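Each chain gets a letter, A, B and so on, in the order its sequence line appears, and its residues count up from 1. What you are looking at is a predicted structure, and each value in this text was computed from that prediction instead of being measured.
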Protein chains: 2
Amino acid sequence: MAAARVRSGGRPTLEEVAARAGVGRGTASRVINGSPRVSAQTREAVEAAVAELGYVPNRAARALAGNRTDAIALVVPESETRFFAEPYFSDIVRGVGAALADTEMQLLLTLAGNDRERRRLAQYLTAHRVDGVLLVSVHADDPLPDLLEQLGMPAVISGRRHAAETLPSVDSDNFEGARAAVDHLISRGRRTIATITGRLDVYGAQRRLDGYRKAVAAAGLDPDERLIAPADFSEEGGARAMRELLERRPDVDAVFAASDVMAAGARQVLRESGRRIPDDVALIGFDDSAVARHMDPPLTSVRQPIEEMGRTMTRVLLQEIANRSSGDATQERPRIVLPTELVVRESS
Amino acid sequence: MAAARVRSGGRPTLEEVAARAGVGRGTASRVINGSPRVSAQTREAVEAAVAELGYVPNRAARALAGNRTDAIALVVPESETRFFAEPYFSDIVRGVGAALADTEMQLLLTLAGNDRERRRLAQYLTAHRVDGVLLVSVHADDPLPDLLEQLGMPAVISGRRHAAETLPSVDSDNFEGARAAVDHLISRGRRTIATITGRLDVYGAQRRLDGYRKAVAAAGLDPDERLIAPADFSEEGGARAMRELLERRPDVDAVFAASDVMAAGARQVLRESGRRIPDDVALIGFDDSAVARHMDPPLTSVRQPIEEMGRTMTRVLLQEIANRSSGDATQERPRIVLPTELVVRESS
DNA sequence: ACCATTCTTGGGAGCGCTCCCAAGCGTACG
DNA sequence: CGTACGCTTGGGAGCGCTCCCAAGAATGGT
């Protein structure tokens with residue numbers, strides 16, 4: 001039996017583990033990768049050697065030999081990071097982390113700026129070989145998703161770009177969330193319900209508007225288009241929209257804002273106009289962020305299960321990767337919608 | 001001249017680039033890695049081939065051959081992620097991302113739970129070969145930093161564990177921030193100034209308390225220990241501390257809370273006790289988070305340059321890595337302190 | 001014109017692992 | 001008791017790159 005080569009400083013290699021266990025490199029590899037084609041006895045010997053030597057496989061070598069990386073990338077549009085930031089980002093990450101916890105997968109964080117950068121990014125992602133990509137907060141004309149699809153890189157998108165999203169996606173139920181919010185306002189006796197929308201090139205914002213419309217129509221309320229004020233998810237935008245609304249329909253008695261931050265802007269304007277919340281005007285937001293909890297009065301808001309979205313996206317992606325490598329070219333693209341929840345506070 | 005081997009599907013390799021440029025593999029490698037030992041003409045030829053073929057180096061191969069990874073890990077304690085979350089996490093990430101933007105370095109995100117997990121983590125980090133580690137929000141008895149130091153892995157810590165931090169660190173000036181806050185209260189005529197502290201096993205919380213003490217002493221105010229209420233950075237903790245304070249010193253006319261979230265808790269209790277802010281009691285927080293901006297009244301708070309901390313940490317780490325690999329065993333450990341800024345709003 | 005340097009260059013060796021083939025053994029069946 | 005097949009096993013080949021050595025080309029000095 002050849003003595004295990006003693007190496008100067010470094011970490012133990014597979015070869016050393018094999019020598020220690022008195023088996024061949026191939027066998028040791030099989031044990032470490034959980035192949036069933038190993039006898040129980042051999043397996044034990046190798047496992048003992050691994051434990052004694054504190055062996056941890058070298059990722060780079062694995063990646064090179066196995067043509068995979070055991071890593072996925074989370075691509076975050078840098079520009080939107082700030083305003084989508086509130087709870088969103090860290091919650092998504094926590095969800096992803098949770099789903100990855102007992103996996104060997106690593107999480108690569110990639111901040112992509114403008115479209116040009118994103119185009120290059122696709123190159124890098126495939127060349128640097130991540131096994132899959134998680135796409136967060138993508139707008140309608142983002143080139144990255146299609147690029148990834150062309151390159152055959154598994155990807156999952158949070159939300160969607162449009163109704164006919166081609167990539168696997170995980171979204172929250174924006175439509176139902178909005179509808180529940182407006183229904184709630186109606187049940188509280190409000191009749192002149194306005195909405196402040198987000199950027200309508202974001203599919204979710206569109207769906208929230210649809211939900212609003214649906215609820216208004218179902219209740220037989222006046223579907224006055226002047227009750228709909230477009231904004232951009234920003235606090236200032238929310239304020240501006242609220243001013244427009246007050247001008248067009250001073251008799252408004254409730255507002256559904258498509259984000260908490262916009263609701264905060266609206267609240268400010270309502271206050272300045274001398275209206276009390278909720279006595280004169282009820283207000284509801286979306287996201288159930290820290291802003292909602294700390295607003296005065298505390299803001300009723302639609303909670304999205306962000307962390308769970310992160311978890312689900314990751315699971316879907318891992319599945320996608322597994323399918324891909326096992327040749328299961330199942331063409332079904334999961335399109336998952338998670339339920340939202342209305343958190344009623346004092347503003348409504 | 002040998003024709004470039006045509007490969008079936010995959011991405012071009014260095015070998016192919018070399019063939020295309022009519023040079024050897026070694027030369028092509030030199031060009032790509034910016035070695036000066038190449039003639040201008042050769043360089044151009046290789047660069048042209050790279051462009052034509054759309055060559056992107058294979059990271060795994062590089063890592064394996066070069067014994068480095070061009071990746072750093074950001075280690076986030078999972079448990080604290082939530083309460084440190086507000087702006088902290090995403091801002092740090094943005095800073096790190098910015099500093100990494102025109103580097104080849106990748107960012108690995110690692111969520112570590114309890115101490116046991118963190119101990120294992122050190123193993124993995126060295127075995128999986130990241131070139132360096134960014135440590136965020138570390139508490140005093142975290143084993144990870146020392147482990148990394150022993151393993152000789154470059155690391156930078158945000159904040160510190162104690163006054164005699166051994167690792168390179170980047171911190172915000174908690175002491176001066178607190179002092180400025182209290183000075184501001186004093187300049188507004190407040191005389192009975194209380195403080196609600198964070199967990200004092202966090203060095204930063206300790207420093208904020210020190211700053212408070214210093215300012216109180218410098219102004220010749222009564223340094224009554226009953227004006228100091230320890231809490232834990234949570235909203236509920238802040239509320240509890242505020243209740244204690246009111247009981248012990250009902251005449252308190254100002255409160256410096258060591259975080260916005262705790263200030264929010266305190267505000268609630270102050271309201272319930274019938275005190276007006278700022279008329280009866282002035283309130284200041286720390287962090288300048290969204291909570292502060294949206295509180296009613298808007299909360300005066302001490303802003304920390306979080307994003308810049310992320311950027312600076314990263315730069316320090318990259319430098320550390322560069323030193324290490326060039327054999328510059330300079331033993332100087334940078335210990336950077338970034339200035340804070342008092343953002344005055346209506347609560348004071 | 002010749003030799004010593006310096007600059008470029010090509011390509012072998014090897015990083016640690018996975019994949020896969022072929023060999024060794026054991027077993028069951030005819 | 002012989003043959004065929006299945007399970008284990010060892011180890012060669014090769015993933016794409018960096019490192020480094022030695023060879024060739026170019027330069028300069030005398």
Side-chain angles (χ1 to χ4, degrees), chain A residues 1-2 4-5 7-46 50 53 55-70 104 126-129 131 325-326, chain B residues 1-2 4-5 7-46 50 53 55-70 104 126-129 131 325-326:
Chain A
M1 187 214 305
R5 222 179 340 142
R7 305 176 65 252
S8 47
R11 308 203 59 82
T13 70
L14 224 211
E15 196 92 40
E16 283 159 21
V17 170
R20 174 96 175 205
V23 302
R25 179 169 30 78
T27 305
S29 174
R30 255 165 253 139
V31 171
I32 281 156
N33 292 292
S35 157
R37 341 189 96 284
V38 191
S39 72
Q41 193 185 356
T42 306
R43 162 161 290 120
E44 269 173 41
V46 173
V50 165
L53 262 37
Y55 171 76
V56 182
N58 178 315
R59 233 173 171 107
R62 244 190 193 171
L64 183 57
N67 197 39
R68 64 186 167 126
T69 56
D70 293 331
E104 281 289 81
T126 46
H128 290 165
R129 307 224 68 77
D131 296 341
S325 69
S326 73
Chain B
M1 189 212 306
R5 221 181 339 143
R7 306 178 64 251
S8 47
R11 309 202 58 79
T13 69
L14 224 211
E15 196 92 39
E16 283 158 23
V17 170
R20 173 95 175 206
V23 303
R25 181 169 28 79
T27 305
S29 173
R30 253 164 253 138
V31 171
I32 282 157
N33 292 292
S35 156
R37 344 188 95 282
V38 190
S39 73
Q41 192 186 358
T42 306
R43 161 162 290 119
E44 269 173 42
V46 173
V50 166
L53 262 37
Y55 171 77
V56 182
N58 178 315
R59 241 185 161 98
R62 244 190 192 170
L64 183 56
N67 197 40
R68 64 190 167 120
T69 56
D70 292 332
E104 281 289 80
T126 46
H128 290 167
R129 308 223 69 77
D131 296 340
S325 69
S326 71

### Task
In whole angstrom, give the distance that lies between atom CG of B:L53 and atom P of D:dG16.
14 Å

### Query
Who pairs with A:R25 by salt bridge (Lys or Arg N to Asp or Glu O under 4.0 Å), at least two apart in sequence or on another chain?
A:E15

### Task
Check for a donor-acceptor pair, side chain of A:E16 on one end and backbone N or O of A:T13 on the other, with a separation under 3.5 Å.
yes

### Query
Between C:dG14 atom P and B:L64 atom CG, what is the distance in whole Å?
14 Å

### Task
Could you tell me the separation between the CZ atom of A:R43 and the CD1 atom of A:I32, rounded to the nearest 0.5 Å?
11.0 Å

### Query
Expressed in angstrom and rounded to an integer, what is the separation of A:R62 atom CZ from D:dG16 atom C1'?
19 Å

### Closest listed nucleotide, where the reference is the side chain of A:A65 and the choices are D:dG16, D:dG14, D:dT18
D:dG14

### Query
Separation of B:N58 atom CG from D:dG14 atom P, in whole Å?
18 Å

### Message
For B:A60 versus A:A63, what's the shortest heavy-atom pair and its separation?
### Response
CB-CB, 3.5 Å

### Message
Using whole Å, what does the distance between atom P of nucleotide C:dT18 and atom CZ of A:R68 come to?
### Response
7 Å

### Protein-to-nucleotide contact annotation, 5' to 3' order, nucleotides 4-13 of chain D [B base; S sugar-phosphate only; - none; under 4.0 Å, heavy atom]
----BBBBBB

### Query
At under 4.0 Å between heavy atoms, what does B:N33 touch on the DNA or RNA strands: base, sugar-phosphate, or nothing?
sugar-phosphate

### Message
Rounded at 0.5 Å granularity, tell me how far CG in B:N33 sits from CZ in B:R62.
### Response
5.0 Å

### Task
Using whole Å, report how far CZ of A:R59 lies from C1' of C:dC17.
13 Å

### Gap between atoms OH and P, on B:Y55 and D:dG16 respectively (whole Å)
10 Å

### Task
Respond yes when some side-chain nitrogen or oxygen of B:S29 is under 4.0 Å from OP1 or OP2 of D:dC17, and no when none is.
no

### Message
If we ignore hydrogens and angles and just use 3.5 Å, is the side chain of A:R11 paired with the main-chain N or O of A:N58 as donor and acceptor?
### Response
no

### Whole-Å gap separating P (C:dG14) and CD (A:E15)
13 Å

### Task
Of all the heavy-atom pairs spanning A:L53 and A:P12, show the shortest one and how long it is.
O-CG, 3.4 Å

